[in-house]
Amino acid sequence: MPELPEVETIRIGVERRLVGRTVEEILVHSARTTRHEPDLSTYAELAGGEVREVARRGKFLWLVLEGSTRALVVHLGMSGQLLHLRTPPDPPLRHSAATLVLDDGSVLAFVDQRTFGYLRTSPLVPTSDGHPGGAGTRSGTVPEAAAHIARDPLDPHLDVEDAAARMARTSSAIKRVLLDQRYVSGVGNIYADETLWAAQLHPEVPASSLATEILAQVIARSAEVMGAAVAVGGTSFDSLYVDTEGESGYFARELRAYGRAGAPCRRCGTLVQKLVVGGRATYMCPRCQARGANPVGRMVRLER
DNA sequence: CGGGCCCTGGAT
DNA sequence: ATCCAGGGCCCG
């Protein structure tokens, strides 16, 4: 569920509430939540540390704690939430996965209905380019568990040209490539569709049929869309996505493609179509995003 | 590189 | 009862 804009909104909330606070205790309520690192003593070792930074790369979130070379990593999966509560909830929250108890008596509750999210610790390792590991950190390190994903489109240190060049070498559908976190991270199903609507590209065109310059523009479009979404707190369809204070985001009203099947395209009035690409529901304007008939696609390669 | 699967709950 | 959901990984 949460994509980059939602995770960034949550990161800002966690940063505001936790930096300078000490994590007294890490309580795990569901064994599945720590499936990537079942040994609970590792979490216990981090307890007692003051939170220095709350960082994010793509959809990965991590806490940097004083006196530890390991980060506390959270991935929210499809339905994870981090809620800051003044006091421990009583009765316990439904779908509660883990709780961080803070030194002022408040808690950060990790709630996860669909259980695809997880909590783990991971050693901080140097970034390959020496730049900060992501948003919210000044250190040139990233948790090893998140080192396999690329920088995201809102990261000033993303090498857009390099990412575009690598994308141009795969024949997969452009939408699949946008969802592949190894090229650029943070883009999920909603923002992939919004990006392709903005770029006026058909989701099924092979990335290799697009010029590197076009692919760089697609990355730029994704940054614009996700930046605008961060500005309004992300996209909430229902209570499944809320920020750390329990508030919804307002980007749903700005969506141009996602979830709009049968509604008129905001650019040309043609009815938005729903199809399946890479096993995911996909929404697009059949006119604006016709294969090979779009402004960005004018430079489409004939063959390579 | 595409398909299937992990899980739960709400909609149809 | 069945299908579908915003993520990611593993399999063949």
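In what follows, chains carry the letters A, B, and so on, assigned in the order in which the sequence lines appear, proteins first and then strands, with residues in each chain numbered from 1. These numbers come from a predicted model, not from an experiment.
Taking atom P in both C/dC9 and B/dG9, one finds a spacing of 24 Å when rounded to whole Å. Distance check on atom P: C/dG8 versus B/dG10 gives 23 Å, rounded to whole Å. Taking atom P on both B/dG3 and C/dC4, the two are 15 Å apart, rounded to the nearest angstrom.
Scanning DNA chain B for stems, defined as runs of 3 or more consecutive Watson-Crick or G-U wobble pairs whose donor-acceptor distances all fall under 3.5 Å, gives the following ranges: B:1-6 with C:7-12, B:8-12 with C:1-5.
In this structure, A/Q181 reaches the C/dG8 phosphate: one of its side-chain N or O atoms is under 4.0 Å from OP1 or OP2. For the pair A/R176 and B/dG2, the criterion of a side-chain N or O lying under 4.0 Å from OP1 or OP2 is met. Between A/H148 and C/dG8 there is no side-chain polar atom (N or O) within less than 4.0 angstrom of OP1 or OP2. A/H95 has a side-chain polar atom (N or O) that falls below the 4.0 Å cut-off from OP1 or OP2 of B/dG9. A close approach under 4.0 Å does not occur between any side-chain nitrogen or oxygen of A/S79 and OP1 or OP2 of C/dG6. In this model, the phosphate group of B/dG2 is approached by a side-chain N or O of A/S172 to a distance below 4.0 Å at OP1 or OP2.
Separating the CG atom of A/D112 from the P atom of C/dG8 is a distance of 13 Å, rounded to the nearest angstrom. Between A/Y118 atom OH and B/dC7 atom P there is a gap of 16 Å when expressed in whole angstrom units. We find that CZ of A/R166 is positioned 13 Å from P of B/dC1, with the value rounded to whole Å. Taking atom OH of A/Y183 as the reference point, atom P of C/dG7 lies 18 Å away to the nearest angstrom. Between the CG atom of A/N189 and the C1' atom of C/dG6 there is a distance of 7 Å, rounded to whole Å. In this structure, A/Y241 places its OH atom 20 Å from P of B/dG10, rounding to the nearest Å. Per the geometry, CD belonging to A/Q113 stands 15 Å off P belonging to C/dG7, to the nearest Å. Summarising the geometry, the separation between CD on A/Q81 and P on C/dA5 is reported as 20 Å, rounded to the nearest angstrom.
Among the protein residues, A/R94 comes within range of the sugar-phosphate backbone only, with heavy atoms under 4.0 Å from sugar or phosphate atoms but none that close to a base. Among the atoms of the strands shown, none is found under 4.0 Å from any heavy atom of A/G279.
Residues A/T282 and A/K274 bring no donor and acceptor atom of their side chains to less than 3.5 Å of each other. In this structure, a donor-acceptor pair under 3.5 Å is present between the side chains of A/S79 and A/D112.
A distance of 11.5 Å separates CG of A/L63 from OG1 of A/T121, quoted to the nearest 0.5 Å.
With sequence neighbours excluded, the residues that form a side chain to side chain contact (heavy atoms under 4.5 Å, CB included) with A/T270 are A/C268, A/C285, A/P286, A/R287. Among residues two or more places apart in sequence or in another chain, the ring pair (Phe, Tyr, Trp, His ring centres under 6.0 Å) test is passed with A/Y283 by A/Y258.
A salt bridge is defined here as a Lys NZ or Arg NE, NH1 or NH2 lying under 4.0 Å from an Asp or Glu carboxylate O, and A/R56 with A/D152 meets this definition. Taking a cutoff of 4.0 Å between a charged side-chain nitrogen and a carboxylate oxygen, A/D162 and A/R166 qualify as a salt bridge.
Nearest nucleotide to the A/F237 side chain, out of B/dT8, B/dG2, C/dG6: C/dG6. Among B/dT8, C/dG7, C/dA5, the nucleotide with an atom closest to any side-chain atom of A/Y258 is C/dA5.
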Inset, instruction - Start with the C-alpha distance between A/V230 and A/L154, add both sets of side-chain angles, then the distance that settles side-chain contact (heavy atoms from CB on, under 4.5 Å), and finish with yes or no. - result: CA-CA 10 Å; A/V230 171; A/L154 293 185; 4.2 Å; yes
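Along DNA chain B, the nucleotide nearest to A/T170 and the one nearest to A/R280 differ in position, and the one closer to the 5' end is contacted by A/T170.
Both geometric conditions, a ring-centre gap below 5.5 Å and a plane tilt below 30°, are not fulfilled together for A/F116 over the base of C/dG8.
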